[in-house]
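Inspection log for the structure reproduced underneath, given as structure tokens.
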Amino acid sequence: MEEPDWSFFRESLLKWYRADRRPMPWKAIDNPYHIWLSEIILQQTRVAQGLPYFERFVAAFPTVNELAAAEDDVVMKLWEGLGYYSRARNLLKAARMVAFEFGGEFPDTYAGLLKLPGVGPYTAAAIASFAFDRQVAVLDGNVFRILSRYTNDSTPIDTGKGKKHYQMLVDDALGDTSAKRFNQAIMDFGALVCTPKKALCESCPMAARCAAYRVATVYERPLKEKKLKRRNRHFHYLVISDDKERTIIEQRLDKDIWQNLYQFPLLETNSSDVETSSLATHQDWPEFLPAGELTFVKRSRPFKQQLTHQTIMATFHQFQWKAMPKKVSAAQVVKNKLLVNFAFPRLINKFFADKSLLLDLF
DNA sequence: AACTCGGGGGG
DNA sequence: CCCCCAGAGTT
């Protein structure tokens, strides 16, 4: 096997690249706060999906010091709907670290950045190069795909060995050109030309020396060795309102999906085929809820939410409780109009959006 | 090393 | 239905 021609790769890439191919608001200005924020938002997230969130965060918190002073729930609400909520929790931790321990200044080295919560190898390299012009190459999904194709490499990318291997390759590919420019270029190239499914090989400037293109294995690269496992879960939410237009919600604090978000009191069962009347005998039925005082109102259709590692089927059981106390255990009794201030999973917001189900409780 | 953490877009 | 997306943290 012949040695990959990295100088050809590099020169073709940089010749192809222009900053305006994918305009992004944080590209133009070397503001470490903006660059850090954008990189956290874009982890496992498409630019089109993350962009509005970036704009809203910058508008709400123009500086890292202002973000650091924010309340947790406010940040979670801004993050609502974007997924991977540990990013929002770590975002706030890191902001407070920068603001209160580093005097509002981000670390300006790869190793220093790596110590921030939520900043791993990719993000540290991205910030170090984009904000501080450090000579480090990024290794993200685009880079795995491009390099495994260019070298027709069958090394799986989802192992420790694979990650080290491709880090070596991208370091070779980078050479001594500006990492700041190279990193932008290679990720734009992956998003616009060397895409996962319909790559533009016919107009690719590197096709002449792309090993996978030569032997028609482009769509077999990169290789993964692990298979995805999914589990099914069945949620039954208790939507309990009173005649003063208040509803009971609680915060998810367990180590599970949607940590720190809010929800209605939840019962989980082994199937969706459960009578509403049988829920009162569920072992997790809240102690503060006197089943006898609840008037059943309506049961929703099943709502399906497909996540990466689980498929969730949810049913919403609406009840009326006449003599609802002001506080119920650790849960909260909230005016319906104020529910918009709390961050909910998409699944629950879909229920809110389906007004035909609400039957003038909301 | 294996597992878990969301949600949306495209084929 | 599947896979992938400017990955990271925990076990």
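First the proteins, then the strands, lettered A, B, ... as listed; each starts at 1.
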TODO: Decide if the gap between the ring center of A:Tyr85 and the ring center of A:Trp258 is smaller than 6.0 angstrom.
DONE: no
Task: Inter- and intrachain pairs under ring-ring contact (aromatic ring centres under 6.0 Å, His included), touching residues 146-185 of chain A, at least two apart - done: A:Trp6-A:Tyr150, A:Phe9-A:Tyr150, A:Phe144-A:Tyr166
Open item on the list: Counting the atoms with a prime plus P, OP1 and OP2 as sugar-phosphate, which does A:Val138 contact under 4.0 Å by heavy atoms, base, sugar-phosphate, or nothing?
Closed with: nothing
Task: Flag if over 12 foreign heavy atoms under 6.0 Å of CD, A:Glu71 - done: no
Task: Atom P, compared across C:dA8 and B:dG9: separation rounded to whole Å - done: 24 Å
TODO: Considering only atom C1', compute the distance from C:dC3 to B:dG6 and round it to an integer number of Å.
DONE: 15 Å
- [ ] May I ask you to list the residues of residues 121-134 of chain A, by number, that have any heavy atom positioned under 4.0 Å from an atom of DNA chain C?
- [x] A:Pro121, A:Tyr122, A:Thr123
TODO: Pull out every residue in residues 43-53 of chain A that has a heavy atom closer than 4.0 Å to any atom of DNA chain B, ordered by number, or say none.
DONE: A:Gln44, A:Thr45, A:Arg46, A:Gln49
- [ ] Using chain A heavy atoms and a threshold of under 4.0 Å, write down where along DNA chain C the contacts begin and end, 5' to 3'.
- [x] C:dC1 to C:dT11
TODO: Find the distance between NE2 (A:His34) and OG1 (A:Thr63) and round it off to the nearest 0.5 Å.
DONE: 9.0 Å
All N/O donor-acceptor pairs, side-chain side in residues 302-316 of chain A, below 3.5 Å, sequence neighbours left out:
| residue | atom | partner | partner atom | Å |
| --- | --- | --- | --- | --- |
| A:Gln305 | OE1 | A:Lys350 | NZ | 3.0 |
| A:Gln306 | OE1 | A:Thr311 | OG1 | 3.2 |
| A:Gln306 | NE2 | A:Thr311 | OG1 | 3.0 |
| A:Gln310 | OE1 | A:Arg233 | NH1 | 2.8 |

Open item on the list: Give me the distance, rounded to whole Å, that separates B:dC5 from C:dC5 when you measure between the C1' atoms they each carry.
Closed with: 15 Å
Open item on the list: For the residue pair A:Arg96 and A:Phe100, would you count it as a cation-pi contact if the rule is NZ or CZ under 6.0 angstrom from the ring centre and within 45 degrees of the ring axis?
Closed with: no
TODO: Take atom CD1 of A:Ile29 as the centre, draw a 6.0 Å sphere, and report whether it contains more than 12 heavy atoms from other residues, nucleotides or ligands.
DONE: no
Determine all donor-acceptor pairs shorter than 3.5 Å in which one atom belongs to a side chain in residues 14-21 of chain A; sequence neighbours excluded.
| residue | atom | partner | partner atom | Å |
| --- | --- | --- | --- | --- |
| A:Arg21 | NE | A:Trp16 | O | 2.8 |
| A:Arg21 | NH2 | A:Trp16 | O | 2.7 |

Task: Derivation of the ring-ring contact (aromatic ring centres under 6.0 Å, His included) call for A:Trp26 and A:Phe130 - done: CA-CA 9 Å; A:Trp26 51 86; A:Phe130 298 151; 9.6 Å; no
Task: Structure string for DNA chain B in dot-bracket form, Watson-Crick and G-U at under 3.5 Å, | interchain - done: |||||.|||||
Task: Along DNA chain C (nearest heavy atom to each residue), the more 5'-positioned of A:Lys255 and A:Lys27 - done: A:Lys27
Task: P spacing across the pair C:dG9 / B:dG8, given as an integer number of angstrom - done: 24 Å
TODO: Answer yes or no: is there a side-chain heavy-atom contact under 4.5 Å between A:Trp36 and A:Val98?
DONE: no
TODO: Specify the residues of residues 179-204 of chain A, ordered by number, for which at least one heavy atom lies under 4.0 angstrom from an atom of DNA chain B.
DONE: A:Lys197, A:Lys198
Task: Contact check, side chains of A:His317 and A:Val239, non-hydrogen atoms, under 4.5 Å - done: no
- [ ] Look only at the side chain of A:Glu268 and the backbone of A:Phe235, and say whether a donor-acceptor pair between them is shorter than 3.5 Å.
- [x] no
Open item on the list: Heavy atoms within less than 4.0 Å of DNA chain B: which residues of residues 222-238 of chain A have one? Give them sorted by number.
Closed with: A:Lys226, A:Lys229
Open item on the list: Using 30° and 60° as the class boundaries, would you call the ring planes of A:Trp79 and A:Tyr53 parallel, tilted or perpendicular?
Closed with: tilted
TODO: Could you tell me from which nucleotide to which nucleotide of DNA chain B, 5' to 3', there is an atom under 4.0 Å from chain A heavy atoms?
DONE: B:dA1 to B:dG11
Distance-only criterion, 3.5 Å: show the donor-acceptor pairs between side-chain atoms of residues 104-128 of chain A and protein atoms not counting sequence neighbours.
| residue | atom | partner | partner atom | Å |
| --- | --- | --- | --- | --- |
| A:Thr109 | OG1 | A:Gly112 | N | 3.0 |
| A:Tyr122 | OH | A:Glu39 | OE1 | 2.8 |
| A:Thr123 | OG1 | A:Gln43 | NE2 | 2.9 |

Task: Any donor-acceptor N/O pair, A:Lys226 side chain to A:Asp158 backbone, under 3.5 Å - done: yes
- [ ] Each residue besides A:Tyr219 in its hydrophobic cluster should be listed here, by chain and number; the cluster joins Ile, Leu, Val, Met, Phe, Trp and Tyr at side-chain heavy-atom distances under 4.5 Å.
- [x] A:Tyr213, A:Val218
